[in-house]
Amino acid sequence: MDLYEHQARQLFAEHGIAVPRAEVVDNAAAARRAALRLGGRAVVKAQVRTGGRGKAGGVKMAAGPAAAALTARQILGMEIKGHIVRTVMLAEPVDIEAEFYVSYVLDRASGTFLAVASAQGGMDIEEVAATRPDAVARIPVDPAEGVTDDKAREIAEVAGLPPEAAPVLSRLWQVLTREDALLVEVNPLVRTTDGEILALDGKVTLDDNAAFRRSRWGGAETAGPHDDPLESEAAAKGLNYVKLDGEVGIIGNGAGLVMSTLDVVAGCGARPANFLDIGGGASARIMADGLSVILSDPEVKAVLVNVFGGITACDAVADGIVQALETVRLTKPLVVRLDGNNAARGRSILDSRAHPLIQQATTMDDAARRAARLADAA
Ligand code: GDP
Ligand code: MN
């Protein structure tokens, strides 16, 4: 789970990394009052769980409390890469002398952590990494040894950061390990004209496997409003659903099968509209809930149900589909592929229902091809 910037900076502060003073608000009047408390001027920053806010117009300098209110009004409600801005953070502005990039990331390929750091931080770090890879240092960190003072100095030196940045590197490692994070990133870490080292932005991705001991961010944050209305609806119904941006709706049983189905649909030249794993329960209610969420996605042109019957037999899934049709009006073509336990019985249940919008396929490839063709023709 990604934290918001204001939550990430809270963790930084708790671990001794200096951050500018800031307040989070959700309306213009509160932004005005917050700017007053911060001394008048303020940087107004969209709080969304995605990067590139600066380039999208989501980070703006306000010269006084009235300007802060206007700027907050502009940024609130803005959409940044599909995320609606619900709150803004007002931060005390600082005078920047230099911007650095520092992060720790779990590198699954090499099976260790990497310190990634650069003296060319700021909004163009992606471009720097792409065009001048030598300007971005990547140094393995042995998790058993961690980032000692010596290691921190080594990372700073290799990356070309000033020696005063080294303590931040050790503290940021503490954030990663003590807070169960998989990624911590500060961009920019700045040196101010007064020579102070401050974290001006922060990204922290927590390891969901440790959510049980991180209830502080759980509850309200994970069960709270999703960024996507369909995801909120699906979450409310207890479905394991992720919205994607294609046109073929997908329902399957088992995360592995659903992911393979996404790949096979993509291989047929179509784009999956979602991930939906109905798991072991193929009850009529789950099927109806899943179908209704997927059919209400305006981008969906065809739906593919791909089930391999195991403990949940195919006839139960077919019954679930037939019963779901009593509560959900099928408005788009549905391709069903049933295989495995009781597949023949399942297929004949669907055959006898003889719905004009339902067709069956016997293999996953055939099913994906049909769904892709139907979506394309729609
Ligand atoms: P991002 O675009 O989502 O990464 O948002 P950031 O929080 O990193 O802000 C983008 C850019 O705004 C930073 O790289 C800084 O150059 C600039 N910025 C942010 N806060 C301040 C500030 O207090 N003073 C100044 N001068 N610039 C700031
Ligand atoms: Mn940033």
Side-chain angles (χ1 to χ4, degrees), residues 2-13 17-25 31 34-65 67-68 71-72 74-105 116-130 135-136 159 161-162 165 168-169 172 175 181 183-205 227:
D2 292 343
L3 295 183
Y4 286 100
E5 175 192 16
H6 66 88
Q7 298 171 323
R9 72 195 299 284
Q10 196 178 326
L11 289 182
F12 294 169
I17 299 172
V19 294
R21 287 197 300 147
E23 294 188 29
V24 178
V25 300
L36 267 174
R37 282 188 292 269
L38 292 168
R41 295 192 314 129
V43 188
V44 184
K45 311 182 75 176
Q47 296 300 290
V48 279
R49 292 181 175 122
T50 182
R53 296 166 303 162
K55 290 198 168 155
V59 177
K60 289 226 162 77
M61 190 72 82
T71 308
Q74 261 176 19
I75 296 180
L76 286 164
M78 186 185 259
E79 191 188 316
I80 300 178
K81 296 186 189 161
H83 299 252
I84 308 287
V85 182
R86 308 265 178 225
T87 56
V88 290
M89 186 175 86
L90 281 83
E92 193 175 25
V94 301
D95 292 325
I96 299 175
E97 189 188 84
E99 295 189 303
F100 314 119
Y101 175 93
V102 297
S103 70
Y104 293 109
V105 55
V116 182
S118 172
Q120 317 291 321
M123 291 196 284
D124 293 321
I125 188 67
E126 273 93 9
E127 201 192 313
V128 172
V136 181
L161 307 183
V168 173
L169 287 164
L172 193 61
V175 175
L183 170 115
V184 289
E185 180 190 86
V186 185
N187 185 38
L189 176 72
V190 302
R191 185 171 55 206
T192 67
T193 47
D194 300 334
E196 251 188 304
I197 302 284
L198 291 177
L200 279 211
D201 184 16
K203 174 170 180 185
V204 170
T205 303
D227 295 326

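Remember, predicted model here, so these are calculated numbers, not experimental data. We count ligands from 1, going down the list as the structure has it; atoms in each ligand are counted the same way.
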Protein heavy atom at shortest distance from [atom]:
{"atom": "atom 27 (N) of ligand 1", "value": "Ile96 CD1, 3.3 Å"}
{"atom": "atom 13 (C) of ligand 1", "value": "Glu99 OE2, 3.5 Å"}
{"atom": "atom 12 (O) of ligand 1", "value": "Val59 CG1, 3.9 Å"}
{"atom": "atom 3 (O) of ligand 1", "value": "Arg53 NE, 2.8 Å"}

### Query
For ligand 1, does Val94 get within less than 4.0 Å through its side chain, its backbone, both, or neither, judged by non-hydrogen atoms?
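Both backbone and side chain.
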
### Task
Answer side chain, backbone, both or neither: which part of Asn187 comes under 4.0 Å from ligand 1, heavy atoms only.
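The backbone, only.
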
### Query
Do you know which two heavy atoms are closest between Ala181 and Val175, and how far apart they sit?
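Smallest heavy-atom distance, with atoms named: CB-O, 4.4 Å.
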
### Message
Looking at non-hydrogen atoms alone, which of Thr193, Val48, Leu200 comes nearest to atom 21 (C) of ligand 1?
### Response
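The residue whose heavy atom sits nearest atom 21 (C) of ligand 1 is Leu200.
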
Within this structure, what is the [atom1]-[atom2] distance for the pair [X] and [Y], rounded to the nearest 0.5 Å?
{"X": "His6", "Y": "Met89", "atom1": "NE2", "atom2": "CE", "answer": "8.5 Å"}
{"X": "Gln47", "Y": "Leu76", "atom1": "CD", "atom2": "CG", "answer": "10.5 Å"}
{"X": "Met61", "Y": "Lys45", "atom1": "CE", "atom2": "NZ", "answer": "10.0 Å"}
{"X": "Glu92", "Y": "Arg37", "atom1": "CD", "atom2": "CZ", "answer": "13.0 Å"}

Below the 3.5 angstrom mark, is there an N/O of [X], backbone or side chain, next to an N/O of ligand 1?
{"X": "Gly54", "result": "yes"}
{"X": "Thr50", "result": "no"}
{"X": "Lys45", "result": "yes"}

So do [Y] and [X] actually touch side chain to side chain, heavy atoms under 4.5 Å?
{"X": "Phe12", "Y": "Val204", "result": "yes"}
{"X": "Leu200", "Y": "Val43", "result": "no"}
{"X": "Leu183", "Y": "Val105", "result": "yes"}
{"X": "Lys55", "Y": "Asp124", "result": "yes"}
{"X": "Gln10", "Y": "Leu3", "result": "no"}

Ligand 1 atoms in contact with [X] (distance to a heavy atom under 4.0 Å):
{"X": "Pro93", "answer": "23 (O)"}
{"X": "Pro188", "answer": "8 (O), 13 (C), 14 (O)"}
{"X": "Asp201", "answer": "1 (P), 4 (O), 5 (O), 6 (P), 7 (O), 8 (O)"}
{"X": "Met61", "answer": "24 (N), 25 (C), 26 (N)"}
{"X": "Val43", "answer": "20 (N), 21 (C), 22 (C), 23 (O)"}

### Query
List-wise, which protein N, O or S atoms are found short of 2.8 Å from the Mn ion (ligand 2)?
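Atoms qualifying: Asn187 O, Asp201 OD2.
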
### Task
Report yes or no: does Asn187 contribute a side-chain atom to a donor-acceptor pair with the main-chain N or O of Gly122 at less than 3.5 Å?
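Yes, Asn187 side chain to Gly122 backbone: donor-acceptor pair under 3.5 Å.
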
### Message
Test your reading of the model: is there a side-chain donor-acceptor pair from Gln120 to the backbone of Ala135, 3.5 Å cut-off?
### Response
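It does not hold such a pair.
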
### Query
For Tyr101, which residues count as a ring-ring contact (aromatic ring centres under 6.0 Å, His included) partner, sequence neighbours excluded?
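So Tyr101 forms no ring-ring contact (aromatic ring centres under 6.0 Å, His included) with any residue.
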
### Message
If the test is salt bridge (charged side-chain N to carboxylate O under 4.0 Å, His left out), which one of Glu99, Glu97, Glu196 qualifies with Arg191?
### Response
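Exactly one pass, corresponding to Glu97.
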
### Ala91 to ligand 1, any heavy atom closer than 4.0 Å
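Ala91 does not count as a contact of ligand 1 under the 4.0 Å cut-off.
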
